[in-house]
Amino acid sequence: MKKRSLFKAAAAGTVVALLALALKLLLTPSELNGESYAFLLHYSADRPLLELIFDPALNDWNFYQARELSYLLDWFDATVILALLRHQLIFWWSATSMIATVATVWLFQYEARRNFPRLGGTLVNLGTFWYVLAAGTGGLSFFRSAKPLSALLAVAVLFLAVRLTRTRKLATAAGMAALLLALNLADRQGAFFTAAFAGYAALLLALAPDRLALFSSRRFAVFTVVLFGCVLAGAICNSWIAPSIIHAVNGYWPDFSYQQPETPPPLPLLRKGAVYVGGNLGFQLLGLTGWYAVGAGVIIAGLWLMAARKFANRLPLAVALAAMIVCGGMMVIRHPAILGPEVVFGSYFNVFLAVLLFLLFYTASASRSIRRYAVWLLLAGVAAQLCWLAVGQGSEGIPGVQAEVSRQIRGEAPEMELLPVNAQMFLEKFKTTP
């Protein structure tokens, strides 16, 4: 496909996906998480920007995670919301999360058509349509920008990896390294993705890269060392650089206890991870819940692995699924509420969802049977997510609070004494600040 035709097709597909996103925003109950008002209070404080960003005691409830890049975007979101509210324009969405989601859709539309021409436009359009509708993408209300940002960076890294196997240019490898460093600063999931990606490269090196149509073993070994350098740089930033900045600008050292939970036995970790990943596969693609979702997800993953007959397709899929199970298990053990009914199928799965869609495109490009079944599976996923949107998915926020806050900002309602503390404090500060 010529470059101009490719651009037009990708642009048209992105517009279709944006229409789906608009439909999702219209149908999704818009209630801010109760913590969001506290974040608005924090980011509107009259303090230097560096102090606001490097202050995990307030912007992450002292759960230090070294994701300052996402805090910077959260500050920008809060600034946009507050500026609009000053002009009586009610806007509770995360602008950066919307931009990151749209950019992720564009990457899928353009790069999938460019790198996997066998997919066809129908499958690419269905994939992005499903991605924006899926509950795992999140509702995009103001809360955290970490997951949409990490999903965008992860997809960009994966498509650069595909390009690297074909162009072998130094600039492409450097771009991947820069994105992986950014991933380390975006979220702990991003740091895990970076480590898993480096581990996969080491596995490829051990299994003879020439067999997988990569460049020479010596050059690939250097590239693998660079990837592990990105992991090391992220660890140094997490353990030394960011804490030093926090101490310098805010006078305290961050608490690392959230990053260092007790090490669980392997089997419980893998079981919880399989429940989380399998359950999400069953829900995001078939709309099932509970153990039905877990069972369906396990079956989908097993059939997918069986259908990916080529070694070069089955290996990355198997490694990715194993890494997701480990990551999901670690998330659940560190924060058990992730398996709660209001959270389990939400935005915590955003990065997983984006990686899975990339892998679906990657494996389907080499297998006619996967392409055929992928179309039906994505159609089922779109239908399932539309059904859940139609009946109204739950929200982490308390119903009615956001509407009451909006009315008071516009001066359309008397003061409501029973607002949650964070919302009441935000309103009081908003009304008293010129």
Using side-chain heavy atoms (C-beta onward) and a distance below 4.5 Å, is [X] in contact with [Y]?
X	Y	result
Trp106	Thr128	no
Trp130	Leu353	yes
Val375	Leu379	yes
Phe54	Pro243	no
Ile53	Val249	no
Ile300	Leu285	yes
Val105	Phe129	no
Leu40	Trp92	yes

* Sorted by first residue and then second, give each side-chain hydrogen bond (donor to acceptor under 3.5 Å, both in side chains) pair with at least one member in residues 350-363; sequence neighbours left out. => Tyr131-Asn350, Trp304-Thr363
* Enumerate the residue pairs fulfilling side-chain hydrogen bond (donor to acceptor under 3.5 Å, both in side chains) with a member in residues 284-299, sequence neighbours excluded, ordered by first and then second residue. => Asn280-Gln284
Could you pull out the closest heavy-atom pair between [X] and [Y], with the gap in Å?
X	Y	value
Val351	Ala151	CG2-N, 3.8 Å
Leu107	Phe159	O-CE1, 3.9 Å
Ser365	Leu119	N-CD2, 3.7 Å
Val132	Ala17	CG2-O, 3.5 Å

* Does CZ belonging to Phe91 count more than 12 external heavy atoms closer than 6.0 Å? -> yes
* Hey, is CZ on Arg118 packed in by over 12 heavy atoms from elsewhere, all under 6.0 Å? -> no
Could you tell me the separation between the [atom1] atom of [X] and the [atom2] atom of [Y], rounded to the nearest 0.5 Å?
X	Y	atom1	atom2	result
Leu21	Leu25	CG	CG	4.5 Å
Leu152	Ile99	CG	CD1	10.5 Å
Ser97	Leu73	OG	CG	8.0 Å
Phe352	Leu281	CZ	CG	10.5 Å
Ile241	Ile246	CD1	CD1	12.0 Å
Leu149	Thr101	CG	OG1	10.5 Å

State whether the side chain of [X] and the backbone N or O of [Y] hold a donor-acceptor pair below 3.5 Å, judged by distance alone.
X	Y	answer
Ser94	Ser141	no
Thr137	Leu133	no
Trp388	Gly287	yes
Asp74	Arg144	no
Lys272	Met330	no
Arg371	Ala364	yes
Gln189	Tyr348	yes
Asp77	Ser145	no
Asp255	Ser257	yes
Asp60	Gln65	no

For a quick test of your reading: what N or O donor-acceptor pairs under 3.5 Å do the side chains of residues 227-236 make, sequence neighbours left out?
none

Table please: side-chain donor-acceptor pairs of residues 314-327 below 3.5 Å, with sequence neighbours left out.
| residue | atom | partner | partner atom | Å |
| --- | --- | --- | --- | --- |
| Arg314 | NE | Leu305 | O | 3.0 |
| Arg314 | NE | Ala308 | O | 2.9 |
| Arg314 | NH2 | Leu305 | O | 3.4 |
| Arg314 | NH2 | Met306 | O | 3.3 |
| Arg314 | NH2 | Ala308 | O | 3.4 |

* Structure fact -> From the list Trp240, Tyr64, Phe63, ring-ring contact (aromatic ring centres under 6.0 Å, His included) with Phe256 holds only for Tyr64
* **side chain to side chain contact (heavy atoms under 4.5 Å, CB included) assessment of Phe116 paired with Val124** => CA-CA 10 Å; Phe116 311 134; Val124 175; over 6 Å; no
* Asked: Of the options Leu378, Val16, Leu377, which is the one that meets Leu126 in a side chain to side chain contact (heavy atoms under 4.5 Å, CB included)?
  -> Leu378
* Taking the inter-plane angle between the rings of His335 and Tyr258 on a 0 to 90° scale, is it parallel (under 30°), tilted (30 to 60°) or perpendicular (over 60°)? -> perpendicular
* Pairs touching residues 176-203 that satisfy salt bridge (charged side-chain N to carboxylate O under 4.0 Å, His left out), sequence neighbours left out -> Arg67-Asp187, Lys147-Asp187
* To do: Report yes if the distance between the aromatic ring centroids of Tyr43 and Phe76 is under 6.0 Å, otherwise no.
  => no
* Between the side chains of Glu35 and Trp61, does any donor sit under 3.5 Å from an acceptor? -> yes
* To do: Verify whether one side chain among Asn115 and Tyr110 offers a donor that lies under 3.5 Å from an acceptor in the other.
  => no
* To do: Report the C-alpha separation of Phe345 and Phe283 in whole Å, then their side-chain angles, then the decisive distance to 0.1 Å, and conclude whether the ring pair (Phe, Tyr, Trp, His ring centres under 6.0 Å) test is met.
  => CA-CA 7 Å; Phe345 302 131; Phe283 176 81; 4.1 Å; yes
* Structure fact -> Contacts of Ser44 meeting side-chain hydrogen bond (donor to acceptor under 3.5 Å, both in side chains) (sequence neighbours excluded), chain-then-number -> Lys429
* Asked: Phe349 and Ile338: side chain to side chain contact (heavy atoms under 4.5 Å, CB included), yes or no, with the steps?
  -> CA-CA 10 Å; Phe349 200 68; Ile338 287 176; over 6 Å; no
* Asked: Are Phe361 and Phe358 close enough, and set up right, to give a ring pair (Phe, Tyr, Trp, His ring centres under 6.0 Å), and what steps lead you there?
  -> CA-CA 5 Å; Phe361 287 164; Phe358 170 85; 8.3 Å; no
